[in-house]
Number of protein chains: 2
Amino acid sequence: MTDESTSTYIVAQPILVAVDNVIFGFDGEEEKLKVLLFKRKVEPFAGQWSLVGSFVQPNESAVVAASRILTEFTGLESVFLEQLHCYSSVDRDPGDRVISIAYYSLIQLETYRKKLVEEHEAAWFELHEIPDLVIDHKQMVADALVKLQDNARRRPVGFNLLPPKFTLPQLFKLYQEIYQKEIDDRNFRKKILATDLLEKLDTKDKTTSKKGAFHYQFNKTKYQQLETDGYDILFH
Amino acid sequence: MTDESTSTYIVAQPILVAVDNVIFGFDGEEEKLKVLLFKRKVEPFAGQWSLVGSFVQPNESAVVAASRILTEFTGLESVFLEQLHCYSSVDRDPGDRVISIAYYSLIQLETYRKKLVEEHEAAWFELHEIPDLVIDHKQMVADALVKLQDNARRRPVGFNLLPPKFTLPQLFKLYQEIYQKEIDDRNFRKKILATDLLEKLDTKDKTTSKKGAFHYQFNKTKYQQLETDGYDILFH
DNA sequence: TCAAAAGTGTTGGGATTACACCCATGG
DNA sequence: CCATGGGTGTAATCCCAACACTTTTGA
């Protein structure tokens, strides 16, 4: 299949195909949405900040490639991963003609493997502290955020960013981070609880207040249903 | 740039990159939304129905390639054209490893060059009469329709499918075609007129009724504003 | 006792759905 | 004059944004 001499398509010229992954994580301590970046290893632009990425191998699809590098950098498997856009300007990469299929994923920062990230000289950056990135990666991050916002309105994606047990104040702050604005907390609770997605537990998280905030978890059945059926909530 | 011997990326293996275009047109006579298909010229699958597509050339981006084949088949330039998704399964094309970046475009059926279409053995198919298509093209059409529906709710895309002067009954039927369902016509008028997008002319189209339906055209200023700002209308 | 965060309800206004009849015209 | 499609209005409902105070508890 990948031996060019056997190709049916004589006249076509192959192109290098990469994937880049905008990995979002929610830092529960700092209550900030962050993006994983690393220092690029290869020329051109070696040493500069970049999204994590890889060339697509002959025996893998783009989503498998994106998943592979996600695992490589975080140790995580089977997390939220969705295609964003394919970037294909002729001159985007001065090293060669390379198109890049961008993905974005949502992970729980608490569960990623810190060691892997350090080995790769990677780091988490807040949205408004993202440094200059190679090629069109800054555009990819911007596009990913828009898509995340759009998605968070229609489907329970936000929960991919939180640990299994979380509190409503945490969830609330996460959504404020996603939308990069202040949200009315009373209306937020109403709307989120109205989805029937949350199950209140009788334990509390007392790390952030004396009163303590109740833990919640998802109703898995409802979660899967809403993941496909969707809803439509605008947060103000 | 495209000479492999000069590539910085020694280890990467290039892949064939194609674009496929889901071209939608609204047939004003039959009041049907249609998709342009043609009989594939090359093996494998020569002679079978396919979306129009092409390999991406070394000197063009994917969107340029998609635009090029659109012009080739319809004679049209600078019409609505938007990226849909990149399909990259390893075995999707038995001829070779080929990934395809799918686009979709919206054109006015009345203005396309009929001759070009005939020369290419292409034809317009209603949505529910689409034959078996090669590879994953049927999936592309399905995905394109979903994206079109989503887009029509948020932006004035529907107007790309109509001639400069059109009537409200035409627009109404177009939206019913896009959503593949019946819509309340009184509420439809209210919602569409509320956008401030339409300018009523004092001429009438009498081809479909004795009373005649008033022509409308867009307010270009408002159109451009809403194209970027967007709105959010659900049609019931 | 008080500071700090968690939690809770109501109401007025605007938007939306559902719904049925009159109008204009050419044949 | 009538058949055909074009055009219009309203009432009841629902939804939602806006808004401020009480609770809990550890220090």
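Per chain, numbering begins at 1; letters A, B, ... match sequence-line order.
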When the nearest nucleotide of DNA chain D is assigned to A:Lys190 and to B:Lys204 on a heavy-atom basis, which residue is associated with the more 5' position?
-> B:Lys204
Once you round it to whole Å, what is the distance between C1' of D:dA17 and CD of A:Glu182?
-> 16 Å
Would you kindly give the NE2-to-C1' distance between A:His236 and D:dC15, to the nearest whole Å?
-> 11 Å
A:Ala213 or A:Asn187, whichever maps to the more 5' nucleotide of DNA chain C = A:Ala213
Quick one: A:Ile183 CD1 to D:dA17 P, roughly how many Å, whole number?
-> 11 Å
Pick one: which of B:Arg154, B:Arg153, B:Lys147 meets salt bridge (Lys or Arg N to Asp or Glu O under 4.0 Å) with B:Asp150?
-> B:Arg154
Roughly, in whole Å, what's the span from CG in B:Asp202 to P in D:dG7?
-> 14 Å
When all nucleic acid strands are considered with a 4.0 Å heavy-atom cut-off, which category describes B:Thr167: base, sugar-phosphate, or nothing?
-> nothing
Grab the CG-P distance between B:Leu234 and D:dC16 for me, whole Å please.
-> 11 Å
Can you find a side chain N or O atom of B:Arg189 that sits less than 4.0 Å from OP1 or OP2 on D:dG7?
-> yes
Given DNA chain C, 5'-ward residue of the pair B:Lys210 and A:Lys173, judged by closest heavy atom = A:Lys173
Parallel, tilted or perpendicular: which describes the rings of B:Phe235 and B:Phe188, with under 30° parallel and over 60° perpendicular?
-> tilted
What is the distance, rounded to the nearest whole Å, between atom NZ of B:Lys200 and atom C1' of D:dG7?
-> 8 Å
Is any side-chain heavy atom of A:Tyr112 closer than 4.5 Å to a side-chain heavy atom of A:Leu109?
-> yes
Looking just at side-chain N and O atoms, do A:Asp20 and A:Ser100 make a donor-acceptor pair shorter than 3.5 Å?
-> yes
Would you check if the side chain of A:Glu199 reaches a backbone N or O of A:Gln217 as a donor-acceptor pair within less than 3.5 Å?
-> no
Taken to the nearest whole Å, CZ/B:Arg186 to P/D:dG5 is 17 Å
Pi-cation contact, A:Phe125 with A:Lys34 (under 6.0 Å, within 45°) = no
Which whole-number value in Å describes the distance from B:Leu171 CG to D:dG5 C1'?
-> 17 Å
Start and end of chain B contact along DNA chain C [non-hydrogen atoms, under 4.0 Å] | C:dT17 to C:dG26
Sidechain N-carboxylate O distance under 4.0 Å for B:Lys173, B:Asp185 | no
Looking at A:Lys211, does any N or O in its side chain come under 4.0 Å of the phosphate oxygens OP1/OP2 on D:dT22?
-> no
